[in-house]
Amino acid sequence: VQLQASGGGLVQAGGSLRLSCAASRSIFIMGWYRQAPGKQRELVAHITNGGITNYADSVKGRFTISRDNAKNTVYLQMNSLKPEDTAVYLCNARSSPIVLGSWGQGTLVTVSS
């Protein structure tokens, strides 16, 4: 599956951004990971095609993941952004929880203090 992500940018702390990622076909799980400089890639959130979600503890209550199955698109609404949210955000899509799946191009999110 091919993924096309968009929506990153520069925002001040406390601000909001929305990321979007469109897949070339329907797929079971779609989600977002992020990788900050010098750090390992980490899960931000993912959602199944049935609407079951999972969030990293660090973003719970601030980020909301959703998807439009008719458009094969996943969204990440990011509110109350913090400088530590600064990272390259990568869209991921997988047919099963046990496979790595496909990755979209990263989109940079920069949160200034």
Side-chain angles (χ1 to χ4, degrees):
V1 60
Q2 294 181 325
L3 302 171
Q4 182 67 43
S6 62
L10 172 64
V11 65
Q12 289 187 331
S16 299
L17 281 174
R18 190 174 87 148
L19 306 182
S20 300
C21 177
S24 57
R25 61 172 175 82
S26 176
I27 196 156
F28 180 42
I29 299 172
M30 297 186 74
W32 294 93
Y33 287 70
R34 67 186 181 187
Q35 188 162 17
K39 294 188 177 181
Q40 287 189 327
R41 187 173 297 183
E42 62 175 359
L43 172 70
V44 177
H46 67 228
I47 184 169
T48 70
N49 56 7
I52 297 173
T53 59
N54 184 44
Y55 293 91
D57 288 342
S58 60
V59 307
K60 284 180 180 177
R62 300 189 298 121
F63 291 10
T64 302
I65 192 168
S66 61
R67 67 188 282 174
D68 184 333
N69 290 330
K71 296 181 179 179
N72 299 327
T73 299
V74 63
Y75 306 96
L76 185 68
Q77 178 66 43
M78 305 184 292
N79 298 329
S80 302
L81 282 159
K82 304 175 181 179
E84 51 263 45
D85 294 317
T86 295
V88 173
Y89 284 69
L90 301 111
C91 179
N92 174 263
R94 59 186 69 190
S95 57
S96 162
I98 62 171
V99 299
L100 291 177
S102 301
W103 296 92
Q105 86 283 10
T107 184
L108 179 61
V109 172
T110 304
V111 184
S112 62
S113 57

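Scope of the values below: all heavy atoms of this structure, side chains included, with no hydrogens, waters or symmetry mates.
- Between Asn69 and Asn49, the shortest heavy-atom contact is ND2-O, 2.9 Å.
- Between Gln2 atom CD and Cys91 atom SG the span is 12.5 Å, to the nearest 0.5 Å.
- Clustering ILVMFWY residues whenever any of their side-chain heavy atoms sit less than 4.5 angstrom apart, transitively, puts Leu17 in a cluster other than the one holding Leu90.
- Side-chain contact between Ser16 and Gln77: present, with at least one pair of heavy atoms (C-beta onward) separated by less than 4.5 Å.
- Side-chain contact between Trp103 and Leu3: absent, with no pair of heavy atoms (C-beta onward) separated by less than 4.5 Å.
- Heavy atoms only, all atoms of each residue included: Val59 and Val44 are closest at CG2-O, 3.6 Å.
- Linking Ile, Leu, Val, Met, Phe, Trp and Tyr whenever their side-chain heavy atoms come within less than 4.5 Å puts Leu19 and Ile27 in one cluster.
- Each of Val88, Thr107, Asp85, Leu76 was compared with Arg34 under the side chain to side chain contact (heavy atoms under 4.5 Å, CB included) criterion, and only Asp85 meets it.
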Inset, instruction - Determine, step by step, whether Asp57 and Lys60 satisfy the salt bridge (Lys or Arg N to Asp or Glu O under 4.0 Å) criterion, reporting the C-alpha distance in whole Å, the side-chain angles of both residues, the deciding distance to 0.1 Å, and the verdict. - result: CA-CA 5 Å; Asp57 288 342; Lys60 284 180 180 177; 3.1 Å; yes
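- Between Val74 and Ile65 there is a side-chain heavy-atom pair separated by less than 4.5 Å.
- Atoms CZ and OG1, from Arg18 and Thr64 in turn, are 11.5 Å apart once rounded to the nearest 0.5 Å.
- The CZ atom of Phe63 sits 14.5 Å away from the OG1 atom of Thr53 when rounded to the nearest 0.5 Å.
- Expressed to the nearest 0.5 Å, how far CG of Leu10 lies from CG of Leu108 amounts to 9.0 Å.
- Taking the side chain as every heavy atom from C-beta outward, Val1 and Asn72 never approach each other to under 4.5 Å.
- Closest approach of Pro97 and Phe28 over heavy atoms only: CD-CE2, 4.1 Å.
- Counting only heavy atoms from C-beta outward, the side chains of Ile47 and Tyr55 never approach each other to under 4.5 Å.
- Listed for the Asn92 side chain is a donor-acceptor partner under 3.5 Å among the backbone atoms of Leu100.
- Taking all atoms of both residues into account, the shortest heavy-atom contact from Tyr75 to Trp32 is C-NE1, 4.0 Å.
- With a 4.5 Å cut-off on side-chain heavy atoms, Lys82 and Arg62 count as touching.
- Looking at heavy atoms from C-beta onward, Gln105 lies in side-chain contact with Gln4 at the 4.5 angstrom threshold.
- Interatomic distance, SG of Cys21 versus CZ of Arg67, reported as 10.0 Å (0.5 Å rounding).
- Of all non-hydrogen atoms in Met78 and Val109, the two that sit nearest each other are CE-CG2, 3.9 Å.
- The minimum heavy-atom distance between Ser113 and Ala13, with the atom names listed, is CA-CB, 4.4 Å.
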